[in-house]
2 protein chains.
Amino acid sequence: MDKIIEQFIHHGLRPSPQRVAVLHYLSNHKTHPTAETIYTALSPSYPTLSRTTVYQTLEKLYENGLTQKILIEDGEMRFDADMSNHGHFKCTSCGKVFDFFYTQDFPFPQMEGGFKVQEQHLYYKGRCPECKESSSRQ
Amino acid sequence: MDKIIEQFIHHGLRPSPQRVAVLHYLSNHKTHPTAETIYTALSPSYPTLSRTTVYQTLEKLYENGLTQKILIEDGEMRFDADMSNHGHFKCTSCGKVFDFFYTQDFPFPQMEGGFKVQEQHLYYKGRCPECKESSSRQ
DNA sequence: GTATCTGCAAAACATTTGCAATTCT
DNA sequence: AGAATTGCAAATGTTTTGCAGATAC
């Protein structure tokens with residue numbers, strides 16, 4: 001049985017073709033796509049696929065801890081099936097989002113006073129090596 | 001001369017009453033308000049104030065390094081006039097955003113390979129001490 | 001008097017919702 | 001049958017844009 005289908009079943013979610021396609025896409029494209037990107041990519045193979053389903057699926061995946069939401073730019077929610085401890089760097093020139101991994105934790109004394117952490121997010125904005133030298137701006 | 005007006009002049013921005021009011025509000029309300037919150041708060045005093053002006057002003061302030069944009073929830077851009085090194089914690093129950101300050105830097109080897117960092121953002125989501133005990137969810 | 005700034009109305013855009021049809025179990 | 005899922009169309013909410021009038025240098 002496919003590993004992706006297993007994940008759905010394990011979380012009590014029906015492994016519909018649309019849902020499997022979305023998670024499969026996310027697992028194989030580490031590009032932090034938006035819902036629209038995923039929809040556009042899958043539409044040819046699933047002609048009746050709707051944006052609604054993509055959005056609903058991504059929300060279900062998030063609720064069940066199968067993906068994380070990456071928010072760097074407003075109105076541009078991105079998704080990532082990599083649940084390991086890592087942060088992101090978005091190039092303000094080419095728009096690409098890079099992963100970077102870290103092992104250390106972030107000890108913040110102020111957070112020890114009874115705060116219960118559910119998610120930790122660390123990201124940078126700047127220029128990637130390729131864009132740093134070029135003259136194009138924004 | 002007012003310190004806030006000075007800041008505008010120093011950056012070559014006209015210190016219009018609306019702009020001054022926005023920055024003044026941000027400097028005196030460390031609650032990480034949204035554009036809408038600021039608009040609603042200032043409207044009584046500036047009856048003709050428009051959302052457009054609030055948005056444009058906040059963008060100018062950001063471009064000139066007088067505020068930072070805080071993005072934790074999609075479609076909910078918040079603003080902060082505190083430009084010091086600090087992160088945020090948003091309570092998923094009451095919605096409040098807490099500041100927390102840190103002194104250490106975050107050394108990420110992967111970022112040293114020619115990435116030029118412009119902004120660093122660190123935030124948490126979870127439950128604040130007050131909401132942790134209560135039974136209300138989300 | 002010329003560039004900047006304001007604010008109204010409309011547009012743009014991502015995301016959500018109502019709901020009827022469909023699909024699983 | 002009954003619950004979950006899909007997808008269309010419409011609605012929502014935030015942010016942006018076109019543009020005319022007002023304001024400041």
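Convention: sequence-line order gives letters A, B, ...; per-chain numbering from 1.
In this structure, CD1 of B/Ile5 is placed 11 Å from P of D/dC25, rounded to the nearest angstrom. Taking atom NZ on B/Lys60 and atom P on D/dT15, their separation rounds to 18 Å, with Å as the unit. Atom NZ of A/Lys69 is separated from atom P of C/dA14 by 16 Å (rounded to the nearest Å). Atoms CG (B/Asp74) and P (D/dT12) sit 19 Å apart, rounded to a whole Å. As rounded to whole Å, 14 Å separates atom C1' of D/dT16 from atom CG of B/Leu58. Rounded to an integer number of Å, the gap from CD of A/Glu73 to C1' of D/dT14 is 15 Å. Atom CE of B/Met77 and atom C1' of D/dG13 are 15 Å apart (whole Å). In this entry the distance linking CD1 of B/Ile38 with P of D/dT15 reads 10 Å, nearest Å.
Looking only at side-chain heavy atoms (C-beta outward), B/Phe8 and B/Leu23 come within less than 4.5 Å of each other. The shortest side-chain heavy-atom distance between B/Gln7 and B/Arg19 does not fall under the 4.5 Å cut-off.
The end-to-end axis angle of the helix from C/dG1-D/dC25 to C/dT25-D/dA1, rounded to 10 degrees and based on five pairs per end, is 30°.
Side-chain N/O atoms of A/Tyr55 include one lying less than 4.0 angstrom from OP1 or OP2 on C/dT15.
Using cut-offs of 30° and 60° for the angle between ring planes, the B/Phe98 and A/Phe115 rings count as perpendicular. Between A/His121 and B/Tyr123, the angle of the ring planes stays under 30°, which puts this pair in the parallel group of the 30/60° scheme. Between B/Phe100 and B/Tyr102, the ring planes lie tilted relative to each other; the angle falls in the 30° to 60° range.
To the nearest 0.5 Å, the span separating OG1 on B/Thr67 from CD on B/Glu59 amounts to 8.5 Å.
The closest side-chain donor-acceptor pair between B/Thr34 and B/Thr37 falls under 3.5 angstrom. B/Asn64 and B/His10 share no side-chain donor-acceptor pair at under 3.5 Å.
By the rule that hydrophobic residues join a cluster once side-chain heavy atoms approach within less than 4.5 Å of another member, B/Phe79 and B/Tyr55 end up as members of separate clusters.
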For nucleotides 6-8 of chain D, list the nitrogen or oxygen atoms of the protein found under 3.5 Å from its nitrogen or oxygen atoms, one pair per line.
residue	atom	partner	partner atom	Å
D/dT6	OP1	A/Ser16	OG	2.2
D/dT6	O3'	A/Gln18	NE2	3.0
D/dG7	OP1	A/Gln18	NE2	3.3
D/dG7	OP1	A/Thr48	O	3.1
D/dG7	OP1	A/Thr48	OG1	2.7
D/dG7	OP2	A/Ser50	N	3.4
D/dG7	OP2	A/Thr53	OG1	3.0
D/dG7	O5'	A/Thr48	O	3.1
D/dC8	N4	A/Thr52	OG1	3.2

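Residue A/Lys60 places its NZ atom among 12 or fewer non-hydrogen atoms of other residues, nucleotides or ligands, all under 6.0 Å distant.
Of all the residues in residues 21-31 of chain B, not one reaches under 4.0 Å from DNA chain D with any non-hydrogen atom.
Between A/Leu13 and B/Glu59, the one whose closest nucleotide on DNA chain D sits nearer the 5' end is A/Leu13.
The side chain to side chain contact (heavy atoms under 4.5 Å, CB included) test with A/Asp80 singles out one residue from A/Val97, A/Ile70, A/Leu26, and that residue is A/Ile70.
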